[in-house]
Amino acid sequence: MDAAQLYEYPSHLREAVAGMPDAPGVYIFHGAEGDLPLYIGKSIRLRSRVLSHLRTPDEARMLRQTQRISHIRTTGEIGALLLEAQLIKQQHPLFNQKLRRQRQLCSLRVQGAAVEVVYSKDINFATETDLYGLYASRHSALEALRQLADDQRLCYGALGLEKLAQGRGCFRAQLHQCAGVCRGDETPQAHQQRLCAALEVLRIACWPYAGAVGLVERYGQEQQIHLIHHWHYLGSVSDVAQVGRLHQVAPGFDADGYKILCRPLLSGGCEVIPLP
Ligand SMILES: [Zn+2]
């Protein structure tokens, strides 16, 4: 039976929503067993968002298992996104489809004419320059490189994706899928130029500050300062004086933080305070 057929309005949860503010934050559906989190989400309007969950027949299974709903207020969307990602990583809720783990990340780096896969365990992606793309595995990094080579008619041999036979062009050159740097149809410089131009759009932005910074978000009279270092979210406080309570050095690059913070921090559209 599909979830929708099991659906009936979860009246037992109506009270849980009654006192919830329609303001930004993170909400957590807790199960009966050990109060474990079943689902963690974020919204800039908590109450409306949670009410819409209660009316979603596709979520009948989760709603039946839910014993209570808790929430944590934030002063804006960025804070909600950061906290949601942090809690999901820490608590692994059963019904969050996109399970986020702090796993090994890969990226691409140009090495002469070739391109190599590099790993976040070996280098700090937040500070290393000239890295291109974020991938969950070596396989998907190479897949992306092949796709880029196909789009730009680059040579798998020159890129290091396959071995070239001495003195012969590659098989893809015969099919005109490679523009033929391998057999002298184009110069290595022309090949390199197309490679670099195509990679440019994938470039990972380096952490643009000397150390940790505080990103300020306000909601009415309330304010939060989100402490961030190397794209890694370290926690939030309501006043600069409390920053010292938080750990101020990131354990490493964080892909969720990067995705959430890249645009707001690089666009200069938000208030940022450097921290000592
Ligand atoms: Zn070729």
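We count ligands from 1, going down the list as the structure has it; atoms in each ligand are counted the same way. Starting from 1, each residue takes its place in the sequence as its number.
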Task: Flag, side chain of Q242 to backbone of D239, donor-acceptor distance under 3.5 Å - done: yes
Open item on the list: Hydrogens and angles aside, do S52 and R55 bring a side-chain donor and acceptor to less than 3.5 Å of each other?
Closed with: no
Task: Heavy-atom side-chain proximity of H226 to E217 below 4.5 angstrom - done: yes
- [ ] Please confirm whether H53 and Y39 have ring centers closer than 6.0 angstrom.
- [x] yes
Task: Sum of protein N, O or S atoms, each under 2.8 Å from the Zn ion (ligand 1) - done: 4
TODO: Let me see the working for L227 and S236 under side chain to side chain contact (heavy atoms under 4.5 Å, CB included), right down to the final yes or no.
DONE: CA-CA 6 Å; L227 185 63; S236 302; over 6 Å; no
Task: side chain to side chain donor-acceptor pair (under 3.5 Å) partners of residues 257-276, not counting sequence neighbours, each pair once - done: R218-E271
